[in-house]
Amino acid sequence: VESPSNPLAELVDIAALAEIAHAKGAMLVVDNCFCTPALQQPLKLGADIVVHSATKFIDGQGRCMGGVVAGRSEQMKEVVGFLRTAGPTLSPFNAWIFLKGLETLNLRMRAHCASAQALAEWLEQQDGIEKVHYAGLKSHPQHALAQRQQRGFGAVVSFEVRGGKEGAWRFIDATRLISITANLGDSKTTITHPSTTSHGRLAPQERAAAGIHDSLIRIAVGLEDVTDLQADLARGLAAL
Ligand SMILES: Cc1ncc(COP(=O)(O)O)c(C=O)c1O
């Protein structure tokens, strides 16, 4: 499971799901990419394996691609055996970048969370914004669960704008500081239109079932000054 999920920040109760999985003899694997270990530690909640795209917040500056699989040594022996045989080995340079990234991870995640919270609260008040998806908002249906199982609500904020796909595209194209890219977890804030990028290969009815509407925009809030980001999003709002 992915919790919080991309792009709608939907959560699962990891401890409850671990119990259900274990009662049936299954393992629970959690993609912890959005929270990182700084904000959520699924192994402590009962998960068996945690995976990360280290390309995102663990690097933190969009420089290297890599991944992490973490779990108890018995299970990791099998993973290491597979990696050794199949060959997807991290280069020493990428490994060094990720290790340096870990040194600032906690500080960075706190800054990402503070700016994301401020922008989510501000967006929720703006004319032209129909809905904001961010677990740090009291309006999020799983706000209480997020408070219980996470130490922060993360950097990713999604919102629906007036005007459907055209409105969303006008909004995105009007931004100047924010980078139009599907990546996330960078010090630079990124903006993307999930229904035509990351989720563009789904059939329209599958997208609708997943709640990925054409009016949806996702931002992954970076480390810039939050007033500059707000001014850039205001450019998007003015273009709706
Ligand atoms: C939650 C989550 N997990 C995994 C990935 C995949 O990352 P990678 O392409 O580095 O494997 C992404 C990419 O956006 C993601 O958002």
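Note: hydrogens, waters and symmetry copies are ignored here, and every other heavy atom, side chains too, is used. For ligands, and for the atoms within them, numbers begin at 1 and follow the listed sequence. Being a predicted model, the structure only gives us computed values, none of them experimental.
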Trainee: Going by salt bridge (Lys or Arg N to Asp or Glu O under 4.0 Å), name the residues that satisfy it together with Asp232, two or more places apart in sequence or in a different chain.
Mentor: Arg235
Trainee: Can you list, by chain and residue number, every protein residue with a non-hydrogen atom closer than 4.0 Å to ligand 1?
Mentor: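 Lining ligand 1: Glu2, Asn6, Asp31, Cys33, Phe34, Ser53, Thr55, Lys56, Leu184.
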Trainee: Between Thr181 and Asn183, is there a side-chain donor-acceptor contact under 3.5 Å, judged purely by atom types and distance?
Mentor: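 Distance-only check fails for Asn183 and Thr181.
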Trainee: When you measure from the side chain of Gln117 to the backbone of Gly136, do you find a donor-acceptor pair of N or O atoms at a distance under 3.5 Å?
Mentor: yes
Trainee: Does Phe153 have its ring centroid less than 6.0 Å away from the ring centroid of Phe34?
Mentor: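 So the answer is no for these two rings.
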Trainee: Looking at Tyr134 and Gly154, what are the two nearest heavy atoms and their distance?
Mentor: OH-O, 2.6 Å
Trainee: I'd like to know if the side chain of His52 reaches the main chain of Asp31, judged simply by a donor and an acceptor atom lying under 3.5 Å from each other, with no hydrogens or angles considered.
Mentor: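 Side chain of His52 to backbone of Asp31: no pair is present.
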